[in-house]
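Since this is a predicted model, take the numbers as computed values, not measurements. All chains are named by letter (A, B, ...) in the order of the sequence lines, taking the proteins before the strands, and each is independently numbered beginning at 1.
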2 protein chains.
Amino acid sequence: MAASIDSELLRGSLDLMVLAVLADGPKYGYLIQQQLRDTSGSRVDLQAGTLYPLLHRLEADKYVRTRWETETGRRRKWYELTAAGKRRLQDQTRAWQEYVECLRAFVGSSAPAPRTA
Amino acid sequence: MAASIDSELLRGSLDLMVLAVLADGPKYGYLIQQQLRDTSGSRVDLQAGTLYPLLHRLEADKYVRTRWETETGRRRKWYELTAAGKRRLQDQTRAWQEYVECLRAFVGSSAPAPRTA
DNA sequence: CGCTATGTATAGCACGGCTATACATAGGAC
DNA sequence: GTCCTATGTATAGCCGTGCTATACATAGCG
């Protein structure tokens with residue numbers, strides 16, 4: 001079992017991860033949570049108390065729009081990226097990559113290269 | 001001028017950066033601050049209110065030992081890695097690299113490769 | 001004599017991830 | 001019928017850490 005990522009490292013990256021997950025189509029909260037866990041190999045497993053306030057922030061900032069699904073038995077809230085959300089994703093991605101480059105100057109360049117697969 | 005790194009991204013990495021800076025010999029606070037700014041190309045410029053509490057934490061956790069320099073006119077507090085601090089640096093470095101790999105699975109592999117220079 | 005750089009320190013704020021708790025329905029096990 | 005789990009969303013309050021503001025002291029220059 002892979003160790004989970006430290007919470008403090010996750011701070012400032014979680015928004016980016018959620019925006020990235022939403023980039024390939026609308027999803028509801030529980031689904032986002034699962035995809036984060038699956039794609040990260042269980043290294044990122046958000047509790048509901050982390051995920052939902054985060055989604056509410058993204059909504060308040062107009063990075064996502066929402067729609068309640070009430071037709072089926074399940075009560076679900078779907079989240080979809082807005083145009084601003086897509087720009088935000090690009091900006092955050094760029095900022096994150098710059099951060100990684102910057103940190104490498106300190107921890108050395110012995111880090112594994114990004115997978116090209 | 002390079003934009004400074006977002007505070008939230010820095011969280012969880014600052015300890016690592018300071019430990020890394022201390023890896024090539026003892027330094028006092030003001031010197032650490034300068035080296036962080038220089039090596040990062042001004043992307044990381046810690047205020048005193050951030051740096052000193054951080055150093056105090058590292059000391060309380062026994063990752064560094066300290067020595068006051070009082071002989072000269074300048075009153076300086078030198079920080080030096082302990083054995084535990086060196087282990088901590090290795091562990092944090094490993095954890096950080098794992099975090100980066102993990103995040104790449106979300107933001108894509110289009111990131112620039114680490115410099116081999 | 002004042003101004004800047006050097007040098008360390010603390011108090012209190014802001015923010016976001018955390019745990020704990022709450023509530024509701026679907027569906028299988030018993 | 002009832003229990004248990006998975007599904008699904010939500011809020012309250014704690015906690016760690018980076019932030020600003022403030023404080024104090026000396027060296028050195030104009």
Side-chain angles (χ1 to χ4, degrees), chain A residues 4-19 26-38 40 43-61 63-64 66-79 92 99 102-103, chain B residues 4-19 26-38 40 43-61 63-64 66-79 92 95-96 99 102-103:
Chain A
S4 59
I5 306 288
D6 184 276
S7 307
E8 295 297 331
L9 271 180
L10 236 37
R11 279 189 77 140
S13 314
L14 267 188
D15 285 18
L16 171 57
M17 295 177 77
V18 170
L19 291 174
K27 294 183 173 58
Y28 55 92
Y30 196 78
L31 210 57
I32 296 171
Q33 182 188 23
Q34 286 184 316
Q35 185 154 342
L36 287 171
R37 191 176 57 238
D38 293 349
S40 70
R43 286 182 189 82
V44 176
D45 192 359
L46 297 191
Q47 299 307 304
T50 297
L51 179 61
Y52 291 109
L54 187 161
L55 289 171
H56 299 163
R57 281 199 301 275
L58 291 179
E59 186 180 8
D61 291 342
Y63 295 134
V64 294
T66 62
R67 182 174 57 79
W68 277 102
E69 169 186 332
T70 47
E71 303 80 36
T72 69
R74 292 286 176 213
R75 184 171 152 275
R76 290 166 175 158
K77 196 174 180 183
W78 289 78
Y79 292 83
Q92 296 258 84
Y99 151 81
C102 182
L103 258 285
Chain B
S4 60
I5 306 288
D6 184 276
S7 307
E8 295 297 332
L9 273 180
L10 236 38
R11 283 189 75 138
S13 314
L14 269 187
D15 284 18
L16 171 57
M17 296 177 76
V18 170
L19 290 174
K27 293 182 173 59
Y28 55 93
Y30 196 78
L31 209 56
I32 295 172
Q33 182 188 23
Q34 286 184 314
Q35 186 155 341
L36 287 172
R37 191 176 57 240
D38 293 349
S40 71
R43 287 181 188 83
V44 177
D45 193 358
L46 297 191
Q47 299 307 306
T50 296
L51 180 60
Y52 291 110
L54 186 161
L55 289 171
H56 299 164
R57 279 199 303 274
L58 291 179
E59 186 180 6
D61 291 342
Y63 295 135
V64 296
T66 63
R67 182 175 56 79
W68 277 102
E69 169 186 330
T70 47
E71 304 79 38
T72 69
R74 291 286 176 211
R75 182 172 152 276
R76 289 166 175 159
K77 194 174 181 183
W78 289 79
Y79 292 83
Q92 296 257 84
W96 184 78
Y99 152 81
C102 182
L103 258 286

Legend entry - Proximal nucleotide (of dT9(D), dG18(D), dT8(C)) relative to the K77(A) side chain: dT9(D)

Inset, instruction - Taking the side chain as every heavy atom from C-beta outward, state whether L55(A) and V18(A) have any pair of such atoms under 4.5 Å apart. - result: yes

Legend entry - Phosphate OP1/OP2 of dT8(C) contacted by H56(B) side-chain N/O (<4.0 Å): no

Legend entry - Spacing of I32(B) atom CD1 relative to dT6(C) atom P, expressed in whole Å: 16 Å

Legend entry - Distance, rounded to the nearest Å, where L58(A) contributes CG and dG16(C) contributes P: 10 Å

Inset, instruction - Round to the nearest Å and state the distance from L54(A) atom CG to dC18(C) atom P. - result: 10 Å

Inset, instruction - Side chain of R57(A) only, please: which of dT7(D), dG16(D), dG16(C) is the nearest? - result: dG16(C)

Inset, instruction - Give one of base, sugar-phosphate or nothing for W78(A), where a contact means two heavy atoms less than 4.0 Å apart. - result: nothing

Inset, instruction - To the nearest Å, give me how far apart CG (L14(B)) and C1' (dC19(D)) are. - result: 11 Å

Legend entry - Of residues 45-53 of chain A, the positions that come close to DNA chain D - non-hydrogen atoms, cut-off under 4.0 Å: A48(A), G49(A), Y52(A), P53(A)

Inset, instruction - Determine yes or no for a side-chain-to-main-chain donor-acceptor pair under 3.5 angstrom, with D61(A) supplying the side chain and Y63(A) the backbone. - result: no

Inset, instruction - Kindly say whether L46(A) contributes a backbone atom to a donor-acceptor pair with the side chain of Q33(A) at under 3.5 angstrom? - result: yes

Inset, instruction - Choose from dA9(C), dC18(C), dG18(D) the nucleotide whose nearest atom is closest to any side-chain atom of S7(A). - result: dC18(C)

Legend entry - Nearest heavy-atom neighbours spanning C102(A) and I5(B): CB-CD1, 4.2 Å

Legend entry - hbond_proxy R75(B) side chain to dT8(C) base (donor-acceptor, 3.5 Å cutoff): no

Legend entry - Value in whole Å for how far the P atom of dA9(C) lies from CG of L55(B): 8 Å

Inset, instruction - Would you please confirm or rule out a distance under 4.0 Å between OP1 or OP2 of dA27(D) and any side-chain N or O of R74(B)? - result: no

Inset, instruction - May I have the distance from E8(B) (atom CD) to dA14(C) (atom P), rounded to whole angstrom? - result: 14 Å

Legend entry - Smallest separation among heavy atoms of L103(B) and S13(A), with atom names: CD1-CB, 4.1 Å

Inset, instruction - Provide the closest heavy-atom pair for D6(B) versus E8(B) in the form atom of the first, atom of the second, distance. - result: OD1-N, 2.7 Å

Legend entry - Considering all heavy atoms, the nearest Y28(B)-W78(B) contact: CD2-CZ2, 3.5 Å

Legend entry - Nearest-Å distance for atom pair OH/P, residues Y30(A) and dA26(C): 16 Å

Inset, instruction - Give the rounded distance in Å between these two atoms: CG of L9(B) and P of dG16(C). - result: 12 Å

Inset, instruction - Confirm from the modelled atom types if R11(A) and dG16(C) form a donor-acceptor pair under 3.5 Å, side chain to base only. - result: yes

